[in-house]
Amino acid sequence: MNILILLKLIAAHVIGDFFLQTDKICEGKYAKGGKRYVYLAIHSGINALLAYVLVGLWSCWEIPVVVFVSHYLIDFIKSTVGSGSVWLFITDQLAHLAVILGLWAWLTDADLCFGCNWMPDYRAWIVALCYMLALKPASILLGTFIAKWTPTNNDKNGLPNAGAWIGYLERVLILTFMLVGYMEGIGFLLAAKSIFRFGELTKAREVKITEYVMIGTLSSFTIAILLGAIALRVM
């Protein structure tokens with residue numbers, strides 16, 4: 001079966017579900033009344049259009065239909081159950097992935113994949129997917145995972161969104177180090193981050209902050225290293 005179809009479907013989902021889903025759309029899916037259904041339809045439509053365009057099988061109208069309907073139903077159930085749980089987030093993404101796998105199996109069994117020639121090197125898609133996953137998807141997963149440990153007395157003098165951007169940069173660096181074969185760079189990055197954090201991590205009265213920082217850092221590193229390992233293994 002053609003791996004390109006699967007990679008393009010996953011790429012469309014990652015872009016639509018994370019990078020093109022604005023805060024307004026995300027909040028709208030949990031709104032009261034008919035407004036909720038409008039935002040669910042907008043979000044599902046974006047994902048359906050992306051899947052249709054990236055796969056490039058213009059005669060296969062089933063692709064946007066399946067993606068739209070499945071995405072709408074899965075997100076409707078998620079928004080009804082609630083949000084904020086790491087397990088709900090994982091279950092939601094696994095449900096979307098199951099639909100993508102089923103759609104991919106149907107497409108390849110139907111021999112429709114042979115007309116798809118855009119970016120034929122699957123390795124480029126694997127690398128692009130890993131970098132995309134290392135950004136906002138990983139950030140959302142980490143935020144949900146460590147939410148229960150987040151200190152209530154946050155420092156208001158911190159830079160806006162600085163933590164998120166630090167996470168983006170460190171995961172991109174780790175992934176790059178692994179892909180180019182410079183594994184020592186990961187140790188250097190961890191040492192450099194530890195030095196910058198040394199002042200707050202050595203204060204005995206800041207035990208909770210210390211543990212919170214360590215959980216966040218190690219979780220971020222773990223995700224990036226796993227993505228790099230999967231990419232190297234597949235390629």
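All heavy atoms count here, side chains included; hydrogens, waters and symmetry mates do not. Quantities reported herein were computed from a predicted structural model and do not represent experimental measurements. For reference, positions follow the sequence shown, starting with 1.
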Validation row: Lys24, Tyr39 side chains within 4.5 angstrom (heavy atoms): yes
Side-chain H-bond candidate by donor/acceptor type, Asn47 with Gln21, under 3.5 Å: no
Min side-chain heavy-atom separation Thr80-Arg36 under 4.5 Å: yes
Aromatic ring proximity, centroids under 6.0 angstrom, Trp61 and Tyr52: no
Side chain to side chain, Ile230 and Cys130, heavy atoms closer than 4.5 Å: no
side-chain contact (heavy atoms from CB on, under 4.5 Å) between Ile5 and Leu103, intermediate numbers included: CA-CA 9 Å; Ile5 298 290; Leu103 182 59; over 6 Å; no
Step-by-step side-chain contact (heavy atoms from CB on, under 4.5 Å) determination, Ile63 to Leu107: CA-CA 9 Å; Ile63 294 175; Leu107 287 171; 3.9 Å; yes
Positive for side-chain contact (heavy atoms from CB on, under 4.5 Å) with Ser220, one of Leu142, Ile146, Leu141: Leu142
Check: Phe145 and Ile215 side chains under 4.5 Å, non-hydrogen atoms: yes
Geometric class of the Tyr168/Trp165 ring pair [parallel <30°, tilted 30-60°, perpendicular >60°]: perpendicular
Flag side-chain contact, heavy atom, 4.5 Å: Phe76 against Ser44: no
Residues Ile25, Ile46; criterion side-chain contact (heavy atoms from CB on, under 4.5 Å); working and verdict: CA-CA 11 Å; Ile25 293 177; Ile46 291 173; 4.3 Å; yes
Any Tyr30 side-chain heavy atom under 4.5 Å of Lys78 side chain: yes
Parallel, tilted or perpendicular, as decided by the 30° and 60° cut-offs, for the rings of His96 and His13: tilted
Any Phe221 side-chain heavy atom under 4.5 Å of Leu189 side chain: yes
Any side-chain donor near an acceptor of the partner, Thr176 and Tyr182, under 3.5 Å: no
With Lys29, the salt bridge (charged side-chain N to carboxylate O under 4.0 Å, His left out) member among Asp75, Asp92, Asp23, Asp17: Asp75
Exceeds 12 heavy-atom contacts within 6.0 angstrom, atom CZ of Phe188: no
Side-chain heavy-atom pair Val99, Val67 within 4.5 angstrom cut-off: no
Backbone of Trp87 reached by a side-chain donor or acceptor of Thr91 within 3.5 Å: yes
